[in-house]
Every structure is written in structure tokens, then in C-alpha cells.
Amino acid sequence: NTKQNMIRSFDWGSYILGSHAEGSPVACFKHVPVSDCWENISIGMKVEVQNLDCDLTNTVYWIATVMKLAGYKALLRYEGFGSDGQKDFWINLCHKDVHPVGWCATSGKPLVPPKTIQHKYADWKDYLVKRLTGSRTLPIHFYSKVQEGISNHRFVKSTHVEVVNRMCVSSMRVATVEEVIGGRLRLKYDDAKEEGDEFWCHMRSALLHPVGWSLQVGHKLHAPQEYRSQCLSKTTMQKYDVMDATPDMFPQMKNPPEGYKFQVGMKLEAIDPLNLSAICVASVMKVLKNNYLMIGIDGSIAQNGSDWFCYHATSPCIFPVGFCEVNGLILTPPRETKGSFKWFDYLKQTRSVAAPVKLFDKEIPKHGFKPGMKLEAVDLMEPRLICVATVAKVVGRLLRIHFDGWESEYDQWVDCESPDLYPIGWCELMGYPVEGPRLKTEVPFAAPQVQSHAKKR
Ligand code: MLZ
């Protein structure tokens, strides 16, 4: 019995109904299965599902209407209940037991009306024909599109990658894919000394790169000499090993505007990689090849650049001087700033220049996220966790993600195209646990953390 084996997990359905909130539509998340055909999914659409309101011993089906949508999840009402919601139930539309109308007829399955309303109509066939005329249903092969969306990538167990060192974000380490769940990779660092020296990130994460990337762009890398020498022939002669992640498996980076370049010392505003709830005063510390930059947060306590962080020149997480002010956001000034922070004075004091506005990518994709929408989001400070979250703010393409039940210090600024955001029901679809909201009565457990990435916890 699968029901008994299922771990008790967070119930999105009652949470959505109780909070009167909306879930971000699946179409907002370009990196998830069936995102591209979600425009065909809407309230009022009809599907065929198992009829659980019946005493028969064999499995029978009935038609149901989508009353509400929250990410992948739909609140369904069996046909014939009219305005009566007593038997409404939530279901994940990507589940294999949800079928388009017509499926029972073509596969010889019985359609039987629910027993609660059996008496309501004498001629159910006639009733159904009338109700179904002109109605919409799931796109054909919907379930196989879901499956295809889950598995159409080349990251498999044992793939070698280069990924940010979670203990020291200014360097990269070599890692091997241990597990792939919905495009999310569980990575084991190749030089791991202890059990559990792992990292989770999505295959489209900006923290992840192909074999040879670090040496190619000039990024600091912790790897044995043998690996380094192999990299050269790999990247120059394209002589990769079969299990190496290669550049063609990664998203193409944009080109920065022609003719201008970031220069060491230029000032800007950037999301603090070690405290994603803050946008800070920052500087270009190093210019790498292929338009990558090492950015440092001004006034940080870390020594010898251990907290410098690599951002691509077109990254949506770096902003021109004045961005926070223009958008009414709090800019975190360098530590030990006395009085209020003024960019004009600070630039003069530090004899530096602001990175010209024309260097920054200004494209704002049509994303559809709105404040108040619920979703599932990776806690990037503990990336194994996917949590119940709310869009707290939308600033152009930038989103402030709030984790339900947690203080705003835990909030995270992320780009609208971040692969670490998922629609409601994504975890359920992938069979991965979703962390429910922290309950107000729970005493937060502050276990000592070894992660420099999770400083404040
Ligand atoms: N170690 C942390 C986990 C916080 C997880 C929050 N996710 C939104 C703590 O217990 O404080």
C-alpha cells in the first residue's frame, strides 16, 4: 500500500485555501516540466480521475472540473456536484492518474457517478454530453510531456563538474553528481574529507560549470595538479572524458554591451552571496576571462578575499550605483559606516568610480510573479532544503523570497529566472520533501553549523 509508505508531508491544499493566497503559475518557471504548455491549463478545464466517492471494489472513474489552480496542483470537483464543494479535493495535475476527457472511452475504463449525487440525474449520459460540450481538457500526451520534462537533460549520476566551494565561496572545487532529482544535482566534492561534504544545486545554477572552466576563466580552483594538467588538453583539444560535464551542457551566457568593460575598483551594488537578504555596496575585485568578475562586498570582515564571489558581467544580481535608492530598497552600507551612507561622498572618500550604468544588463523578462504569490523555493543557505515560500517583493526582474514562518532575515533576493524557484507541487511531483512553514510555537533549533555559507544560523 503506497499510502502507508508515504511520508507525512506538508499539505499545500489546505494551506492555500486557508491563506487565500495564489500560487505562482507554472508558466513563470521556465526550467520546470510542462511550463511551456501551461497556457492550456485553466480553471474550468475537465479531466478524468479515479472516483473515490463510491463503494465498488473495482477502480472506476469520473469527470471532474478544475475549480482552483495553485502551481501544479488543482482543486477538483466531480461533475454533478454543481456548487456543492463538500467532496472537492486537491490533486497534482502531473500525476499519472489524471487523464484527459475521453481517456476512459478509449481505454475501456468505467465512468461511474459518485454515490453522493447518484440520485440527482436519471440519465447521466445525457447530462455528461451536455456538460462536456465545448469544454477544455488536458493537452494530449500531457503525462508523457511531464516525464520528458523531468528527464531531458544530460546530467546523470557520476558526471564530473566544477562547482562553488560552499566553505569558501571565492573558490571552486571539483565534484561528482551523486543523484539527480528534477534537474537538481546532489554533488559530492571529490576532495571531501568527511561524510556529508555535499552540495545541492540545479543543473542551470550559476554556481555550476563544466570541467576545465575555472582554469579557462582564471577562477581559483582547489584541485590536484593531475586534474589541472588534464584540463588544458580537455578545453583546448575538446578531449573530454565521457563523464565530464562539457560546455554545451550549460546555458549560453549573454554578451555584455560591446565596447565597455568592468574594471577593477569600480563600485556597484550587489546581492551579498553570504547573506542573500541584503543588497550591499560592492566593488569589482578582479576581472576574469569570458566576462566573469570577482565581486567583493565593501567592508567585509573576511580576510584575503575568501568571500569574493564570481558574477558574470550580465548577471541580474549586480546593479549600478543608486539602484536601491531608485527602487526604494535598503542598501547595506560597508560595516563601520558612520552616519547615513551617501554614494556621492563614499566615491569621493574612496577615490573610486561607479561602474557605468551602460555596463549592466537592463532586460526585464515578462515573468508573471506578483507579490503574495506562493511557491517552493530552495533555501540557498542550506540548498538541500526546498521550502514553502512567498514572493514578498517584485522589483523589475528581481524577487524577494520570504520563507513562510521565518523572520525576514532569512529572506533571499533572487532573479525571476532562478532555477531554485519551483511551482507549488513540484516537490510532490519529484518525490522530494518540501519544508513546511515554521510553526510559530516551535523554538528555532540553532544547531552549530560548519557552513560558512550559513553564518548567521
Ligand atoms: N539551521 C537553520 C535552518 C533554517 C532553515 C530555514 N529555511 C527557510 C535553523 O534551524 O535556524
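Ligands are counted one by one from 1 in listed order, and the atoms in each one are counted from 1 as well. If you're wondering where the values come from, they're calculated on a predicted model, not measured in any experiment.
- Atom CD of Glu363 has more than 12 heavy atoms from other residues, nucleotides or ligands within 6.0 Å.
- Under the 4.0 Å criterion applied to side-chain N and carboxylate O atoms, Asp36 and Lys30 are not assigned as salt-bridge partners.
- Using a 4.5 Å heavy-atom threshold, the side chains of Arg173 and Asp197 count as touching.
- Of all the atoms in ligand 1, the ones that sit under 4.0 Å from a non-hydrogen atom of Phe403 are 8 (C).
- Taking a cutoff of 4.0 Å between a charged side-chain nitrogen and a carboxylate oxygen, Lys374 and Asp404 qualify as a salt bridge.
- Neither the backbone nor the side chain of Glu435 has a heavy atom within less than 4.0 Å of ligand 1.
- Listed by number with element, the atoms of ligand 1 under 4.0 angstrom from any heavy atom of Tyr410 are 11 (O).
- Between Ser277 and Trp413, the closest heavy-atom pair is O-NE1, 3.4 Å.
- Under a 4.0 Å criterion applied to the non-hydrogen atoms of Cys387, ligand 1 contributes the atoms 7 (N), 8 (C).
- Annotation for ligand 1: atoms under 4.0 Å from non-hydrogen atoms of Asp379 are 5 (C), 6 (C), 7 (N), 8 (C).
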